[in-house]
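Per chain, numbering begins at 1; letters A, B, ... match sequence-line order.
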Amino acid sequence: TIGMVVLDKMGHTAAGTSTNGIKFKIPGRVGDSPIPGSGAYADDTAGAAAATGDGDILMRFLPSYQAVEYMRRGKDPTTACQKVIARIQKYFPNFFGAVICANVTGGYGAACNKLPAFTQFSFMVYNSLKSQPTEEKVDCI
Amino acid sequence: SSPLPLVLNTWPFRNATEAAWKTLALGGSSLDAVEGGCASCEVEQCDGTVGFGGSPDESGETTLDAMLMEGTTMNVGAVGDLRRIKNAIGVARKVLEHTTHTLLVGESATKFAQSMGFVDEDLSTKDSRALHSDWLAQNCQPNYWRNVIPDSSKYCGPYKPRSVFKQDGSIHKETGYGYGHD
C-alpha cells in the first residue's frame with residue numbers, strides 16, 4: 001500500500017491511498033485504505049495523516065482521523081502518530097501497522113508498532129528544505 | 001522560512017514522492033499531487049502491494065482499493081474491490097469529481113470506471129498466477145477463515161459454518177509482519 005499526504009505552499013492539504021490489499025483475501029474483502037479516516041485523512045485546519053499495515057485491524061480504529069484530531073489539539077506529528085499506534089496496541093499488541101502525520105505548518109512525523117521482524121519504518125519526505133526526495137526511518141514503539 | 005510544500009508517503013517509494021513533487025512544481029494542486037504520486041506506484045507496482053499483479057485473492061484475482069481526500073472542502077472519492085481496472089486512484093478521482101458519493105465498490109465500481117473511459121483489462125500476471133497456484137498447492141494456507149468446516153487451518157474450502165461456535169476468544173487473527181498487509 002502507498003499512503004500519501006501533500007500540503008501545498010498555501011497549506012492546502014490532500015491525502016490518498018492505493019493498494020491491492022492482502023494476499024489470498026476472501027473475495028470482496030476491502031481493507032482500511034479506501035475508508036476516509038482509516039487509510040488516510042486530510043483537513044486544512046488540523047493536518048493530514050495516512051496509514052499502512054493490517055487493514056482489517058487498522059480500519060476499526062480510524063487511525064488517520066484520530067492522528068489529525070490529536071494534531072488539532074496541539075500534539076506534534078510524531079506524538080500524534082505514536083498515540084494512535086498505542087491505542088491499537090492495547091487491543092492487538094501484535095498488529096502490523098504504521099502511520100505518517102503532517103501538521104498545517106509542514107511539520108511531519110511517523111510511528112509504527114514494534115514486532116520482532118519489524119522494528120523500523122521507512123517513509124519518504126520532500127519539502128522546500130530538501131533538494132530531493134529523502135528516505136527517513138523511525139524506530140517502532 | 002516555511003518548509004511547505006510537503007510531500008510525505010509511506011514506505012521508500014521514491015518515484016512516487018518525486019511524481020507528486022513534480023506535479024506541484026508544474027502548478028498542480030495538492031490533490032493532483034497525491035493522485036500523481038499514487039498513480040506512479042500503480043504503474044510501477046512499487047513493492048507489489050500496489051496496483052495490478054499483486055495480492056491475488058482466493059480465486060486468483062487482483063482487485064484494487066484507492067481513496068483521495070481534499071482537506072479544504074473535505075471532498076472524498078474512493079473505490080473498493082475495484083475489478084479489472086488498473087488506475088484505481090484515477091477512478092477514485094472521478095468518484096470525487098463526478099458524483100456526490102464517497103465510495104463505490106466491486107463490479108459496479110468497474111462499470112462506473114468504464115463509463116468514465118477507463119479500460120477494462122486483466123490485472124493478473126505470471127507472478128500473481130504462480131503465487132496463487134502455489135497457495136492452492138499448500139492447502140490454501142494461510143487464509144482468513146475461522147470456525148468453519150472443513151478445518152481452514154488444514155484444508156481448502158469451500159467452507160461451511162461449524163455448527164458449534166468454538167469459543168477460542170480470537171475475534172481476529174493477528175497476522176504480524178510478513179503474513180500479508182495493506
Flag yes if more than 12 heavy atoms outside [X] fall under 6.0 Å of its [atom1] atom; otherwise flag no.
X: B:H98; atom1: NE2; result: yes
X: B:Y155; atom1: OH; result: no
X: A:Y65; atom1: OH; result: no
X: A:K9; atom1: NZ; result: no

Do the non-hydrogen side-chain atoms of [X] and [Y] ever get within less than 4.5 Å of each other?
X: B:L24; Y: A:V6; value: yes
X: B:L6; Y: A:Y126; value: no
X: B:T10; Y: A:F123; value: no
X: B:R14; Y: A:M124; value: yes
X: B:P56; Y: A:F24; value: yes
X: A:T13; Y: B:T72; value: no
X: A:I22; Y: B:S55; value: no
X: A:R29; Y: B:Y144; value: no

For each of [options], tally heavy-atom pairs with chain A at distances under 4.5 Å, and name the one with the top tally.
options: B:L131, B:I89, B:N75; answer: B:L131
options: B:V7, B:T102, B:D32; answer: B:V7
options: B:V76, B:T63, B:L68; answer: B:T63
options: B:A16, B:A66, B:C140; answer: B:A66
options: B:V50, B:L8, B:V34, B:L64; answer: B:L8
options: B:A78, B:G77, B:G80, B:C38; answer: B:C38

At a heavy-atom separation under 4.5 Å, does B:M69 approach chain A through its side chain, its backbone, both, or neither?
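Both backbone and side chain of B:M69 come within 4.5 Å of chain A.
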Counting heavy-atom pairs under 4.5 Å with chain B, which one of [options] comes out on top?
options: A:H12, A:Q132, A:K137; answer: A:H12
options: A:G106, A:P36, A:P133; answer: A:P133
options: A:G3, A:A51, A:A102; answer: A:G3
options: A:L7, A:V30, A:D8; answer: A:L7

Separation between [atom1] of [X] and [atom2] of [Y], rounded to the nearest 0.5 Å:
X: A:I26; Y: B:N143; atom1: CD1; atom2: CG; value: 7.5 Å
X: B:E35; Y: A:M4; atom1: CD; atom2: CE; value: 11.5 Å
X: A:I100; Y: B:N9; atom1: CD1; atom2: CG; value: 6.0 Å
X: B:M67; Y: A:D32; atom1: CE; atom2: CG; value: 8.5 Å
X: A:D43; Y: B:T73; atom1: CG; atom2: OG1; value: 10.5 Å
X: A:M10; Y: B:S30; atom1: CE; atom2: OG; value: 11.5 Å

Going by the angle between their ring planes, with limits at 30° and 60°, are A:F118 and B:W11 parallel, tilted or perpendicular?
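A:F118 and B:W11: tilted rings.
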Identify whether A:L62 and A:I57 are in the same connected component of the hydrophobic contact network (ILVMFWY, side-chain heavy atoms under 4.5 Å).
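Shared cluster, no.
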If you apply the rule side chain to side chain donor-acceptor pair (under 3.5 Å), what do you find for A:N20 with B:T62, and how did you get there?
CA-CA 7 Å; A:N20 49 41; B:T62 290; 5.9 Å; no
Identify which part of A:A98 has an atom lying under 4.5 Å from any heavy atom of chain B, answering side chain, backbone, both or neither.
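Neither the backbone nor the side chain of A:A98 comes within 4.5 Å of chain B.
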